[in-house]
Peer 1: 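Next up is a structure, given as structure tokens.
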Number of protein chains: 2
Amino acid sequence: MSILATKQKTRATYHHGDLRRELIEAAVEMLPESGMSGLSLRKLAVQAGVSHNAPYMHFSNKDALLAAIAQYGFQELRARLTEKLQEAWRDRFISGCQTYVAFGASQPELFQVMFMEHDAAKFPEMVEDSLAALQTLTDIIAVGQSEGFVRDGDAHEFATLVWSLLHGIAVLNANRQQAPLPYRQEEASEQVATFLDEILKGLGV
Amino acid sequence: MSILATKQKTRATYHHGDLRRELIEAAVEMLPESGMSGLSLRKLAVQAGVSHNAPYMHFSNKDALLAAIAQYGFQELRARLTEKLQEAWRDRFISGCQTYVAFGASQPELFQVMFMEHDAAKFPEMVEDSLAALQTLTDIIAVGQSEGFVRDGDAHEFATLVWSLLHGIAVLNANRQQAPLPYRQEEASEQVATFLDEILKGLGV
DNA sequence: GTAGAATATTGGCATTGTCAATATAAATAT
DNA sequence: ATATTTATATTGACAATGCCAATATTCTAC
């Protein structure tokens with residue numbers, strides 16, 4: 001009965017009910033403090049009120065948990081990217097891009113797990129969800145083409161170009177974030193808009 | 001005397017001589033197999049032929065070792081980016097960018113360590129070397145401006161734009177690398193060239 | 001209701017990061 | 001040259017962790 005003990009659930013039933021989901025959510029919560037390699041299956045277990053080995057029913061090892069976290073992240077990202085569908089195209093495009101960068105800035109450790117090296121063969125569902133997230137960008141680009149904002153060409157290639165840029169911005173900003181000066185969210189959004197202007201000069205009609 | 005024992009040095013002197021350097025080099029070598037979190041200070045120690053706690057003379061903890069590895073990576077990257085200075089500007093620019101992406105593809109784990117979250121306050125030399133690497137790109141852009149290949153503007157901002165794009169390409173390619181189909185180096189270089197064409201349409205005069 | 005599958009527990013082990021105390025060598029001062 | 005201080009390396013120890021094996025409990029089909 002340590003005073004410092006983190007909240008840990010108790011339960012009446014032998015079976016937990018939804019341990020897998022709870023472990024993932026708890027992991028995402030713990031991630032900012034612990035970092036990727038500081039994540040502990042055992043800690044997650046006791047926090048969920050189960051024994052230290054219960055997680056192994058749901059994840060064959062730590063890599064599998066990390067893949068599940070990454071998958072969760074891609075689903076989350078996709079959900080945010082598919083919001084704000086009623087705006088005009090260019091605004092929608094820009095704010096979608098800003099959302100991407102903001103997502104990385106708000107949860108850098110999750111972002112890191114999402115883009116660490118996973119075993120694609122072992123975790124195909126995760127790969128699928130990552131591609132689904134990219135697809136939203138491709139879709140926006142394709143719409144931009146049909147509405148005359150983007151010139152003709154391989155929409156997927158254009159999307160990859162933009163995605164690459166966004167990802168780079170996100171990572172570089174994440175590193176700057178713990179520089180002495182506090183990093184401002186608005187600056188990042190402004191930077192994204194500026195950079196996209198440059199890119200759109202190339203991609204525009 | 002295990003048959004599987006990795007090569008481990010023996011030495012006559014009590015003092016190793018250059019343990020810090022050797023640990024970093026051994027770590028970079030071990031990185032591809034072990035990954036960032038699989039790196040073991042103890043294994044590195046025995047491989048260098050010292051006791052399991054000798055590394056703590058040179059690195060206060062594992063984070064410090066990772067920062068040193070990152071710093072090594074940035075120095076290495078900068079060295080490669082400053083080669084091929086006799087080519088024409090546009091070729092030099094493109095091949096510099098391709099070098100960046102190729103570097104990430106050839107040593108993805110090192111790349112990951114370089115761009116993981118480090119404590120910038122604790123490891124200022126590493127930050128310095130990372131900025132020095134970025135500076136090479138800024139320099140190339142500035143030369144491009146003076147030679148009329150790039151329009152006027154903040155060279156550092158342009159460099160950040162290009163750097164962001166390159167970094168994104170590198171990361172996304174690293175993930176694709178362990179997809180079923182073997183990833184080709186030439187494809188990546190071609191992709192870089194294509195994307196840079198689009199960017200240069202925006203940045204060009 | 002019973003068999004078997006799914007889930008959770010207990011116990012254990014090797015590896016690892018890190019601390020404390022000690023030993024040895026090198027550098028420096030006297 | 002010798003003594004003192006500093007740098008470096010060793011030994012021993014401990015708690016935390018990933019993961020394996022064996023066992024117990026509950027749920028699901030039939």
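Every heavy atom of this structure was used, including side-chain atoms; hydrogens, water molecules and symmetry mates were not. Just so we're on the same page: letters track the sequence lines, and every chain starts at 1. No experiment lies behind these values; they were computed from the predicted model shown.
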Peer 1: Rounded to the Å, how far apart are B/L19 CG and D/dT8 C1'?
Peer 2: 9 Å
Peer 1: Can you tell me how far C1' of C/dT16 sits from NZ of A/K62, to the nearest Å?
Peer 2: 12 Å
Peer 1: In whole angstrom, what separates B/Y56's OH from D/dA13's P?
Peer 2: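 After rounding, the reported distance stands at 18 Å.
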Peer 1: Under 4.0 angstrom, heavy atoms only, what part of the nucleic acid is B/L39 near: base, sugar-phosphate, or nothing?
Peer 2: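 Sugar-phosphate contact only.
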Peer 1: Rounded to whole angstrom units, what separation is found between the CG atom of B/L44 and the P atom of C/dT18?
Peer 2: 13 Å
Peer 1: Measure NE2/B/H52 against C1'/D/dG12 and give the value in whole Å, please.
Peer 2: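 Taking NE2 of B/H52 and C1' of D/dG12, I get 7 Å after rounding.
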Peer 1: Using a heavy-atom cut-off of under 4.0 Å over every strand shown, decide if A/H58 touches base, sugar-phosphate, or nothing.
Peer 2: sugar-phosphate
Peer 1: Confirm from the modelled atom types if B/R42 and C/dT18 form a donor-acceptor pair under 3.5 Å, side chain to base only.
Peer 2: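 Yes, a donor-acceptor pair under 3.5 Å.
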Peer 1: Which nucleotide sits closest to the side chain of A/S40: D/dC19, D/dG18, C/dT16?
Peer 2: D/dG18
Peer 1: Going by the angle between their ring planes, with limits at 30° and 60°, are A/F149 and A/W89 parallel, tilted or perpendicular?
Peer 2: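 It falls in the parallel class, under 30°.
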Peer 1: Rounded to whole Å, please give me the gap between CG in B/N61 and C1' in D/dA16.
Peer 2: 16 Å
Peer 1: Going by an N to O cut-off under 4.0 Å, is there a salt bridge joining A/K201 and A/E198?
Peer 2: yes
Peer 1: Report yes if at least one side-chain N or O of A/K43 is closer than 4.0 Å to OP1 or OP2 of D/dT17; otherwise report no.
Peer 2: yes
Peer 1: May I ask you to decide if A/G153's main-chain N or O and A/Q145's side chain share a donor-acceptor pair within less than 3.5 Å?
Peer 2: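 Yes: the side chain of A/Q145 pairs with the backbone of A/G153.
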Peer 1: Report the distance from atom CZ of A/F59 to atom P of D/dC19, rounded to the nearest whole Å.
Peer 2: 13 Å
Peer 1: A/H167 vs B/H167 aromatic rings, parallel, tilted or perpendicular, using cut-offs 30° and 60°?
Peer 2: parallel
Peer 1: For DNA chain D, whose closest nucleotide is more 5', that of A/L41 or that of B/M57?
Peer 2: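 With A/L41 and B/M57 compared, the 5'-side residue is B/M57.
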